[in-house]
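Side-chain atoms are counted along with the backbone in the values below, which use heavy atoms only and exclude waters and symmetry mates.
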Amino acid sequence: MDDEEQVPKARIPKETPDEKIVRLQQERDQLNNRIRKISSKKTEAARKARNRYLIQFGIAVEMAVKNGTMSISDASGLLTRHLSERGQGIALAALKSLTPSPRERQAVSGSRSSRT
């Protein structure tokens with residue numbers, strides 16, 4: 001009875017060599033795409049971490065200049081030694097914005113002398 005109820009197994013045709021090559025190439029392309037995505041995410045994360053570090057460093061220099069623990073000339077020297085020309089231009093312009101104008105310096109020195 002068991003022999004009568006068995007369904008004959010369908011034969012799966014073997015892949016031809018050309019079909020196998022095509023299938024393997026498709027699998028390779030899928031793997032390469034996955035590798036590219038993972039590499040891209042890794043590169044993006046590293047770039048974001050570096051940008052965060054650079055911003056924090058810039059803030060530290062800015063705060064040091066503002067609170068007087070670093071002179072503007074020291075900060076300017078640091079920037080020109082370690083930044084590209086383009087970066088120097090941007091950073092030095094920002095540094096100049098931290099420099100008090102003569103009127104602001106006079107106001108600060110005037111308020112200090114009135115305190116004494």
Side-chain angles (χ1 to χ4, degrees):
M1 197 167 186
D2 286 332
D3 292 333
E4 294 172 14
E5 292 178 15
Q6 287 184 353
V7 178
K9 293 183 182 177
R11 288 190 178 199
I12 299 173
K14 281 191 170 184
E15 284 182 317
T16 66
D18 288 337
E19 291 171 337
K20 191 170 189 173
I21 289 171
V22 169
R23 181 180 55 81
L24 291 172
Q25 286 173 336
Q26 289 172 344
E27 289 175 14
R28 180 199 57 206
D29 292 343
Q30 289 172 349
L31 286 173
N32 285 338
N33 287 334
R34 287 175 59 193
I35 289 168
R36 262 188 237 106
K37 282 182 183 180
I38 292 168
S39 294
S40 176
K41 285 181 182 180
K42 181 181 172 185
T43 302
E44 183 180 355
R47 189 185 78 250
K48 284 182 179 182
R50 185 172 188 277
N51 286 346
R52 183 173 185 268
Y53 165 78
L54 292 173
I55 289 168
Q56 289 174 336
F57 185 79
I59 291 169
V61 170
E62 179 182 357
M63 295 306 295
V65 169
K66 278 185 177 179
N67 68 24
T69 57
M70 178 183 277
S71 71
I72 290 178
S73 62
D74 288 345
S76 177
L78 182 70
L79 296 173
T80 55
R81 279 193 309 272
H82 297 288
L83 293 179
S84 66
E85 281 188 44
R86 180 175 179 265
Q88 286 176 21
I90 294 168
L92 292 174
L95 189 59
K96 285 180 185 177
S97 72
L98 297 176
T99 308
S101 68
R103 180 177 285 166
E104 291 171 325
R105 276 186 247 136
Q106 193 175 31
V108 170
S109 64
S111 66
R112 286 183 186 159
S113 62
S114 64
R115 289 184 205 163
T116 55

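Linking Ile, Leu, Val, Met, Phe, Trp and Tyr residues whenever their side-chain heavy atoms come within less than 4.5 Å places Val65 and Leu83 in a single cluster. Following chains of ILVMFWY side-chain contacts shorter than 4.5 Å, one cannot reach Leu78 starting from Met63, and the two form parts of different hydrophobic clusters. Connection of Ile72 to Leu79 is established within a shared hydrophobic cluster, with ILVMFWY side chains joined at heavy-atom distances below 4.5 Å, either directly or through further cluster members.
Using a 4.5 Å heavy-atom threshold, the side chains of Arg47 and Glu44 count as touching. Contact of the Leu31 side chain with the Glu27 side chain is not registered, since no non-hydrogen atoms from C-beta on lie closer than 4.5 Å.
For the atom pair CD1 (Ile38) and CG (Asn33), the distance works out to 11.0 Å, reported to the nearest 0.5 Å. Of the inter-residue distances, the one linking Arg52 atom CZ with Gln56 atom CD reads 4.0 Å to the nearest 0.5 angstrom. The CD atom of Gln88 lies 11.0 Å from the CZ atom of Arg81; values are rounded to the nearest 0.5 Å. Of the inter-residue distances, the one linking Glu62 atom CD with Ile55 atom CD1 reads 12.0 Å to the nearest 0.5 angstrom.
With salt bridges taken as basic N to acidic carboxylate O contacts below 4.0 Å, none links Arg23 and Glu19.
Looking at Thr69 and Asn67, their side chains do bring a donor and an acceptor atom within 3.5 Å of each other.
Looking only at distances, no side-chain donor or acceptor of Ser40 sits under 3.5 Å from a matching main-chain atom of Arg36.
With a 6.0 Å radius and a threshold of 12 heavy atoms from other residues, nucleotides or ligands, Glu85 has its CD atom at or below the threshold.
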